[in-house]
There are 2 protein chains.
Amino acid sequence: MTPPSAIDPRIEALVTDLIGRVADKWTMLILEVLAEKGTLRFSRLAEAIGNISQKMLTQTLRTMQRDGLIERTVYPVVPPKVEYKLTELGFTLGAAFCGVWVWAAENLARVEQARSAFDLGD
Amino acid sequence: MTPPSAIDPRIEALVTDLIGRVADKWTMLILEVLAEKGTLRFSRLAEAIGNISQKMLTQTLRTMQRDGLIERTVYPVVPPKVEYKLTELGFTLGAAFCGVWVWAAENLARVEQARSAFDLGD
DNA sequence: CGGCATCCACCTGGATACTG
DNA sequence: CAGTATCCAGGTGGATGCCG
């Protein structure tokens, strides 16, 4: 674990906020899909994720674009065509999350087990 | 990035859920504080985190205990004394999150900059 | 001291309908 | 196709007060 106590508490608050915005379900899934597939247009992205409302997809994509994680390219054609891909920054974030994905996959069973034991009265 | 596409989609959903519960602000902060300080009782934990309501502290601690991330020890004395410390599982999760903390700390400025640029009309 | 119970304001996210 | 706009149910989290 990093020792955030060693850094400015104001910075720590900013970092915490940043993590809060960045570490949500949809952001992580989009990060994962784009890291794997490269470039995707809106509807393909929706398909790849599965059961995400277009409201959340649009909203999350906007936030990620604003934060410099993805690049949005609009082709001025009819029908409209918009493509999304990770920026370098987005890619590095995906890599950072990798450790958490691995942890979750490896320890899923242990957590389920702990939960069952807890629920059984202990 | 791990290729979750290579694994069972049902497992992936479980992993996503697990990450969703585990990757929240308070969980990450508690993880960090306990990793650093070792063992703490309820009120010291509250102080160390700063501005967390005892409702959220209790709630988050229960969930973490249920998931096998922390160990809760009650000393049958008056006044009550309860201590919390990370389990081995909690420790490994902290380590996994380390990469995200580092990313956030390192790229905070870049994100802020991207956001400013975005807000200025681009 | 370390909670639990209650109330409540806010936000999140889904469903639906409409547009360039 | 790729959104925007609106409405609404449910969840989140803070404040407060009480208890063992």
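A note on names: the letters A, B, ... follow the listed sequences, proteins ahead of strands, and every chain is numbered from 1.
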Tell me the interatomic distance from B:F42, atom CZ, to D:dG20, atom P, rounded to whole angstroms. 18 Å

Nearest-nucleotide comparison on DNA chain C, the residue closer to the 5′ end among A:Q54 and A:K25: A:K25

For D:dG3, does either OP1 or OP2 sit under 4.0 Å from a side-chain N or O belonging to A:R72? yes

Side-chain N or O of B:R41 less than 4.0 angstrom from OP1 or OP2 on C:dC1? no

Using the closest heavy atom to pick a nucleotide of DNA chain D for each, name whichever of A:V82 or A:K55 lands nearer the 5' end. A:V82

Whole-Å distance separating the CG atom of B:L57 from the C1' atom of C:dC4: 14 Å

Could you state the CE-P distance from B:M56 to C:dG2, rounded to the nearest angstrom? 19 Å

Check the distance between C:dG2's C1' and B:K81's NZ and give it to me in whole angstrom. 14 Å

Nearest heavy atom decides the nucleotide; on that basis, is B:P80 or A:S43 closer to the 5' end of DNA chain D? A:S43

Check the distance between C:dG2's P and B:L40's CG and give it to me in whole angstrom. 11 Å

With side chain to side chain contact (heavy atoms under 4.5 Å, CB included) as the criterion, how do A:W103 and B:L18 come out once you've worked through the C-alpha distance, each side chain's angles and the decisive distance to 0.1 Å? CA-CA 10 Å; A:W103 180 91; B:L18 179 56; 4.1 Å; yes

What is the nucleic acid contact for A:Y75, judged by heavy atoms within less than 4.0 Å: base, sugar-phosphate only, or nothing? nothing

Verify the distance criterion only: is there a donor paired with an acceptor across the side chains of B:E71 and B:Y84 at less than 3.5 Å? no

Whole-Å distance between D:dG14 C1' and B:I49 CD1? 16 Å

Take the protein atom CZ of A:R21 and the nucleotide atom P of C:dT12, then report the distance between them rounded to whole Å. 12 Å

Can a donor-acceptor pair be found between the side chains of A:T27 and A:D24 at a distance below 3.5 Å? yes

Least distance between heavy atoms, B:F91 atom then B:L86 atom: CD1-CD1, 3.6 Å

Can you identify which nucleotide, out of C:dG3, C:dG2, D:dG3, has its nearest atom closest to the B:Y84 side chain? C:dG3

To the nearest angstrom, how far is B:E47 atom CD from C:dG2 atom C1'? 14 Å

The test is side chain to side chain contact (heavy atoms under 4.5 Å, CB included); show your working for A:R72 and A:L61 and say whether it passes. CA-CA 9 Å; A:R72 179 177 182 264; A:L61 285 171; over 6 Å; no

Under 4.0 Å, counting only non-hydrogen atoms across every strand here, what does B:R44 touch: a base, just sugar-phosphate, or nothing? nothing

Looking only at the side chain of B:W26 (C-beta and beyond, no hydrogens), which of the listed nucleotides D:dG14, D:dA2, C:dG14 gets closest? D:dG14

Using a cut-off of less than 4.0 Å, is there contact between a side-chain N or O of A:R62 and OP1 or OP2 of D:dG3? yes

